[in-house]
Amino acid sequence: MTSPLRLLVNGVPVETPVPPSERLLDTLRWRLGLRGTKEGCRTGACGACTVLIGGHPRLSCLTLSHQVGEEPILTVEGLESDPVGRAVMDVFVAEAALQCGYCTPGFVVALTGLLKEHPGASESSLLEGLQGNLCRCTGYSSIRRAVTRLAEPAP
């Protein structure tokens with residue numbers, strides 16, 4: 001049985017019928033067509049499905065859509081118009097902090113949330129905040145370079 005659900009996703013109000021047990025990951029990808037949020041493990045172990053809910057990084061595979069309530073949701077698609085998100089994306093591109101790109105949206109969204117919660121966070125704090133995000137392709141060197149640049153004070 002589905003019930004209507006109202007969400008604010010990337011600044012846009014949406015309403016869609018959603019079963020009570022549906023994960024936010026599935027609502028975003030299959031009902032709303034926002035495929036940037038990736039399905040990795042579905043157990044909360046990889047971080048590929050990270051979105052911001054109320055400005056805080058959350059794993060959409062472990063969040064039921066009906067649990068979100070009135071909190072705004074920001075996905076990787078919405079980062080283009082977010083100054084912090086745009087800066088994170090630009091640094092990831094500049095440092096080639098991706099290979100296959102599957103994990104990249106989760107890293108970028110998680111870093112955006114961490115930098116919004118803790119402006120001026122240190123490199124070690126950012127790396128610690130990313131411990132739940134996994135990459136199987138890059139060896140993390142380019143991701144670490146991106147994090148180093150993001151932790152540097154603005155000129």
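Note: hydrogens, waters and symmetry copies are ignored here, and every other heavy atom, side chains too, is used. Because the structure is a prediction, the values reported are computed rather than measured. Residues: numbered from 1 along the sequence shown.
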Handout entry: side chain to side chain contact (heavy atoms under 4.5 Å, CB included) between Lys38 and Val76, worked out
Key = CA-CA 10 Å; Lys38 303 300 184 200; Val76 70; over 6 Å; no
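- Using a 4.5 Å cut-off between side-chain heavy atoms of Ile, Leu, Val, Met, Phe, Trp and Tyr, with links allowed through other members, Val109 and Ile143 fall into the same hydrophobic cluster.
- If you check the side chains of Thr148 and Glu123, you find a donor sitting under 3.5 Å from an acceptor.
- Of all the heavy atoms in Gly69 and Leu7, the pair that sits closest is O-CD2, 4.4 Å.
- How far CG of Leu59 is from OG1 of Thr43: 9.5 Å, rounded to the nearest 0.5 Å.
- When all heavy atoms of Leu64 and Pro20 are compared, the closest pair comes out as CD1-O, 4.0 Å.
- At least one side-chain heavy atom of Leu130 sits less than 4.5 Å from a side-chain heavy atom of Leu114.
- In this structure, CD1 on Ile53 lies 11.0 Å from OG1 on Thr75, to the nearest 0.5 angstrom.
- In this structure, Tyr140 is a member of the same hydrophobic cluster as Val88, with clusters built from ILVMFWY side-chain heavy atoms closer than 4.5 Å.
- Partners of Ser65 under the side chain to side chain donor-acceptor pair (under 3.5 Å) rule, at least two apart in sequence or in another chain, are Thr27.
- Looking only at distances, a side-chain donor or acceptor of Arg145 sits under 3.5 Å from a matching main-chain atom of Glu95.
- Using a distance-only test at 3.5 Å, with no hydrogens or angles considered, no donor-acceptor pair links the side chain of Ser60 to the main chain of Leu24.
- Placement of Leu52 and Val91 within a single hydrophobic cluster is found when ILVMFWY residues are connected by side-chain heavy-atom separations under 4.5 Å, directly or transitively.
- Taking each heavy atom of Pro57 and Gly113 in turn, the nearest pair found is CG-CA, 4.0 Å.
- The backbone N or O of Thr37 sits less than 3.5 Å from a side-chain atom of Arg29, completing a donor-acceptor pair.
- For the residue pair Ala97 and Ser142, the shortest heavy atom distance occurs at CA-OG, 3.3 Å.
- Closest non-hydrogen pair, Ala121 versus Leu126, comes out as CB-CD2, 3.8 Å.
- Remark: the backbone N or O of Glu39 is paired with a side-chain donor or acceptor of Tyr102 at under 3.5 angstrom.
- No more than 12 heavy atoms of other residues, nucleotides or ligands sit less than 6.0 Å from atom CZ of Arg144.
- Taken from OG1 in Thr112 to CZ in Phe107, the straight-line distance is 13.0 Å, to the nearest 0.5 Å.
- With hydrogens and angles disregarded, no donor-acceptor distance shorter than 3.5 Å links the side chain of Arg149 to the backbone of Ala94.
- Between atom OG1 of residue Thr16 and atom CZ of residue Arg6 there is a gap of 12.5 Å, rounded to the nearest 0.5 Å.
- Rounding to the nearest 0.5 Å places OG1 of Thr50 at 12.0 Å from CG of Leu74.
- In this structure the side chain of Gln99 never reaches within 4.5 angstrom of the side chain of Arg136, judged on heavy atoms.
- Around atom CD of Glu70, no more than 12 heavy atoms belonging to other residues, nucleotides or ligands sit under 6.0 Å away.
- When hydrophobic clusters are built by joining Ile, Leu, Val, Met, Phe, Trp and Tyr residues whose side-chain heavy atoms come closer than 4.5 Å, directly or via intermediates, Val18 is grouped together with Val68.
- Expressed to the nearest 0.5 Å, how far CD of Glu77 lies from CG of Leu34 amounts to 4.5 Å.
- When all heavy atoms of Cys137 and Cys100 are compared, the pair lying nearest together is SG-SG, 3.7 Å.
- No side-chain donor-acceptor contact under 3.5 Å links Glu22 to the backbone of Pro19.
- No continuous path of hydrophobic side-chain contacts links Val84 to Val51 [ILVMFWY only; heavy atoms under 4.5 Å].
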